[in-house]
Amino acid sequence: MTDRVPRLVERARRGDAGAFEQLVRLHVGVAFAVARSVVPTRADAEDVVQDALLRAWDRLDQCRDPSRFKAWLVAIVRSVALNHRSRERRFAAVSLDAVPVPMDPSSDSGGGLARREAREKLDRVVNELNEAQRAVLLLHDLEGYSHAEIASQLDISNEMSRRYLSDAKRLLRARFAPDEEDAT
Amino acid sequence: MTNPPDVSEIGLSPGDRERLVASVMQRIEARRASPATVLATVGTWALPAGSLAAAALVAGIVAISVSRPPTPPVAAAAVAGGSFEQWVQTGQRPSAAEVMAVLVAEEADGPQD
């Protein structure tokens, strides 16, 4: 993997879209986790990931050290996500999260509704975390990053990474505790 | 003690990943296939170094021909038939080149009436 990424970057720079596709496959998960840690919804995060990957394709020549492609891409994703968030704040008088989404009856079968409600609740609780806690939680639990890798990506210490994860999990536990479930 | 919920629920499923990758690659392919990209590629690779002016000229000519709307079939027929009356009847507005083509044709054929 260490050698593979720089080689793919070099090929992609020469216009090899297949090589770039492999880079996208390798990094789409981390890109999503970083985007979702900044923007409030899954749909926003997917938009950000697409825009960021297109920007990366356009600017591959600016990736000075291909062996650090992931860090370079994460910086682009974060920048696009922050722009997206500030644009949304400027134009959205009402948060989209507050607007009920009409249900598509054909999409629900059996436990689908319960699962979707659980996911929506999880989304809301994750949004209660601060940005750093969210980023650490998503990189750790979604992408399986170690604290050392997270610390390197987010430019924080290992200890801070551990603390953010612990705080995030404490909040999740509290929000999903049986008493809290009854209250919601 | 309650276990925290499974956060992977809000992550990308394998299907989501495929959809996202496909969408990104489609947008990249669409860009690569656009006329501007093709022209830039031709201008950069097909012509020898130092002939940037020629590349710009070729790009300009192709861009004009790409941007100019195709001649409407009726106007083309009118040019072929060489009749101003047809243009008037159909309401088509011929280009200067089309008018010239008809004038030349009429002059060669002599007066119609």
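We name chains A, B, ... by the order of the sequence lines, and we start the count at 1 in each one.
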Trace of the side chain to side chain contact (heavy atoms under 4.5 Å, CB included) decision for R42(A) with L12(B) | CA-CA 9 Å; R42(A) 178 187 187 82; L12(B) 293 175; 4.3 Å; yes
Check whether any side-chain heavy atom of R31(B) sits under 4.5 Å from a side-chain heavy atom of D58(A), and report yes or no.
-> yes
Given E46(A) and R17(B), is the salt bridge (charged side-chain N to carboxylate O under 4.0 Å, His left out) satisfied, shown in steps?
-> CA-CA 10 Å; E46(A) 290 192 8; R17(B) 281 176 188 252; over 6 Å; no
Of V125(A), L171(A), L142(A), the largest count of non-hydrogen pairs under 4.5 angstrom with chain B goes to L142(A)
Between E9(B) and R116(A), does at least one N-O distance fall below 4.0 Å, as a salt bridge requires?
-> no
Once you round to the nearest 0.5 Å, how far does OG of S8(B) lie from CG of L122(A)?
-> 9.0 Å
Other residues, nucleotides, ligands: >12 heavy atoms within 6.0 Å of D155(A) CG = no
Per-residue contacts, residues 48-57 of chain A versus chain B, heavy atoms under 4.5 Å | V49(A), Q50(A), D51(A), L53(A), L54(A), W57(A)
Side chain from CB out, backbone as N, CA, C, O: work out which of these in L138(A) comes under 4.5 Å of a heavy atom of chain B, or both, or neither.
-> side chain
Does CZ in R68(A) sit with more than 12 non-hydrogen atoms of other residues, nucleotides or ligands closer than 6.0 Å?
-> no
When you look at CZ of R78(A), are more than 12 heavy atoms from neighbouring residues, nucleotides or ligands closer to it than 6.0 Å?
-> no
Most contact-rich option vs chain A, by heavy-atom pairs under 4.5 angstrom, among I10(B), D16(B), V24(B), is I10(B)
If you tally heavy-atom pairs under 4.5 Å between each of E21(A), K169(A), E143(A), R36(A) and chain B, the highest tally belongs to E21(A)
Against chain B, label V126(A) side chain, backbone, both or neither, depending on which of its atoms sit under 4.5 Å from a heavy atom there.
-> side chain
